[in-house]
Number of protein chains: 2
Amino acid sequence: MSLKHAILVLLETEPGSGYDLLKRFREHIGYFWNASHQQIYQQLKWMHEAGWLALRTEPQQGKPDRKVYELTPEGHAALLEWLAETSKPQKVNDSLLVRLYGGHLREADNIRADIAHHRKLYEQSRAALLAIEQHYLALPEAERQPYRFPYLTLRRGILSVQAWLDWADEVDAVLNHL
Amino acid sequence: MSLKHAILVLLETEPGSGYDLLKRFREHIGYFWNASHQQIYQQLKWMHEAGWLALRTEPQQGKPDRKVYELTPEGHAALLEWLAETSKPQKVNDSLLVRLYGGHLREADNIRADIAHHRKLYEQSRAALLAIEQHYLALPEAERQPYRFPYLTLRRGILSVQAWLDWADEVDAVLNHL
DNA sequence: AGCAAATATGCAATTTTTTGCATAAAAATA
DNA sequence: TATTTTTATGCAAAAAATTGCATATTTGCT
């Protein structure tokens with residue numbers, strides 16, 4: 001529904017290829033937007049055909065051409081239009097919690113392992129986000145300016161991951177005196 | 001992908017109609033699973049045809065029949081099988097944060113209004129979840145037992161909503177000295 | 001040197017979700 | 001009494017996401 005617009009926001013900040021976008025989704029904004037490479041390439045194709053994106057093909061020695069996309073004025077207009085809409089509340093679908101809800105049908109060890117597995121992922125995520133934050137905070141005031149808004153979203157990622165880990169501690173405490 | 005299984009978990013706890021499920025999704029577990037009525041009725045049909053659910057039609061005076069679904073042994077088996085799988089990390093797609101990421105293209109007041117609008121929703125959600133928690137904590141030990149696992153998911157909802165509100169405070173502080 | 005992983009792009013089929021439409025009675029509110 | 005909201009169910013078309021397949025080079029590791 002708004003992967004198109006997520007792509008517009010990213011390309012407005014900095015033009016890039018489909019693979020560049022994939023990495024940005026994975027490494028930088030995965031705590032608020034996720035997309036597979038198939039999805040991204042499909043959308044880029046659609047957006048290019050709709051006139052939202054211009055395509056610059058950079059020939060590379062030996063390697064296949066690098067296809068760099070950037071916003072057209074139409075794409076910019078579409079982005080502004082979308083930004084003005086009021087966003088619907090986030091739709092959450094978390095199967096880990098569905099599984100926990102049905103915990104009475106599972107082995108306690110299975111639940112513990114499930115939580116432990118996710119804990120590792122969230123801890124990795126927290127470390128990555130905190131590293132990005134340190135990098136941002138080390139910048140001189142002037143260079144921080146353009147990242148003001150992305151930084152606010154980064155804070156959301158950090159608080160959100162931390163809240164998950166705090167909850168996991170509660171869960172482990174309960175599971176351990178079962 | 002696992003709406004089917006979310007429905008199985010809910011019906012395992014207590015049989016009910018499509019509308020009952022809709023209300024449970026909306027009022028009780030909306031912080032970890034959401035589904036529209038169209039989705040629910042479609043899935044119920046599929047699950048019934050697949051032999052996962054038995055249908056009991058309760059005639060009502062005047063009113064149209066109440067269609068109550070409950071798990072068959074096959075449905076129960078399907079649920080147990082799914083519960084044993086390891087759950088993939090939650091896929092997050094939050095358009096509010098995409099919009100905030102592109103905040104440099106928006107009016108500050110527009111952003112503030114957007115945050116304020118969502119803050120109201122999250123505050124309502126927090127109040128509802130805390131009320132459910134109070135209700136649970138007021139139960140005598142024995143009656144609390146069957147709700148142990150749902151209570152853990154409720155805690156996730158509470159911590160999660162609180163983390164969002166804490167973040168919104170940070171955002172407001174930054175936006176106000178812009 | 002050989003193999004795995006990362007880089008880089010895409011098509012096609014299937015599944016899932018969303019959106020729009022449709023009906024109809026009961027309960028609540030003005 | 002009239003209108004709106006809630007209860008209650010469902011079909012069909014369109015949009016979006018997932019899954020499986022396919023290709024080819026480069027980089028890092030053993």
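Being a predicted model, the structure only gives us computed values, none of them experimental.
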Subject >> Residues that Glu123(A) engages under salt bridge (charged side-chain N to carboxylate O under 4.0 Å, His left out), provided they are two or more places apart >> reply: none
Donor-acceptor pairs under 3.5 angstrom involving side-chain atoms of residues 150-158 of chain B: please list them, not counting sequence neighbours.
unit_1, atom_1, unit_2, atom_2, d
Tyr151(B), OH, Glu133(B), OE2, 2.7
Thr153(B), OG1, Tyr31(B), OH, 3.2
Thr153(B), OG1, Pro150(B), O, 2.7
Arg155(B), NE, Glu170(A), OE1, 2.9
Arg155(B), NH1, Glu133(B), OE2, 3.1
Arg155(B), NH2, Glu170(A), OE2, 2.7

Subject >> Atom pair distance, as rounded to whole Å: NZ in Lys45(A) and C1' in dG10(C) >> reply: 9 Å
Original post:
Taking OP1 and OP2 of dT15(C), is either one under 4.0 Å from a side-chain nitrogen or oxygen of Lys4(B)?
Top reply: no
Subject >> Closest listed nucleotide, where the reference is the side chain of Lys67(A) and the choices are dT9(C), dT19(C), dT16(C) >> reply: dT9(C)
Original post:
So, is Lys91(A) near the phosphate of dT18(C), with a side-chain N or O under 4.0 Å from OP1 or OP2?
Top reply: yes
Original post:
Is there a donor-acceptor pair under 3.5 Å between the side chain of Arg112(B) and the backbone N or O of Asp172(B)?
Top reply: no
Original post:
Shortest non-hydrogen contact from Tyr122(B) to Val161(B)?
Top reply: O-CG1, 3.3 Å
Original post:
What's the CG-C1' distance between Asn93(A) and dT18(C), to the nearest Å?
Top reply: 13 Å
Subject >> Distance, rounded to the nearest Å, where Ile40(B) contributes CD1 and dC11(D) contributes P >> reply: 15 Å
Original post:
Roughly, in whole Å, what's the span from NE2 in His37(B) to P in dG10(D)?
Top reply: 11 Å
Original post:
Reckon Gln42(B) touches a base, only the sugar-phosphate, or nothing at all at heavy-atom distances under 4.0 Å?
Top reply: base
Subject >> Of Leu44(B) and Ala35(A), the one whose closest DNA chain D nucleotide lies more 5' >> reply: Leu44(B)
**OP:** Report the distance from atom OH of Tyr41(A) to atom P of dA17(D), rounded to the nearest whole Å.
**Re:** 17 Å
Original post:
Rounded to whole angstroms, how far apart are CG on Asn34(B) and P on dT19(C)?
Top reply: 13 Å
**OP:** Determine whether the side chains of Gln145(A) and His104(B) contain a donor N or O and an acceptor N or O closer than 3.5 Å.
**Re:** no
Subject >> Side chains of Leu71(A) and Leu53(A) in contact at under 4.5 Å (non-hydrogen atoms) >> reply: yes
**OP:** Tell me which residues in residues 11-25 of chain A put a heavy atom below 4.0 Å from DNA chain D, sorted by number, or none.
**Re:** none
**OP:** Figure out the CH2/P separation between Trp33(B) and dT16(C), and round it to whole Å.
**Re:** 11 Å
Subject >> Residue Gln38(A), side-chain heavy atoms: nucleotide from dG10(D), dG20(D), dT18(C) that is nearest >> reply: dG20(D)
Subject >> Spacing of Leu44(A) atom CG and Tyr69(A) atom OH [to the nearest 0.5 Å] >> reply: 5.0 Å
Subject >> Nucleotide dA17(D), atom P - distance to CD of Gln43(A) in whole Å >> reply: 7 Å
Subject >> dT18(C) OP1/OP2 closer than 4.0 Å to side-chain N/O of Gln39(B) >> reply: yes
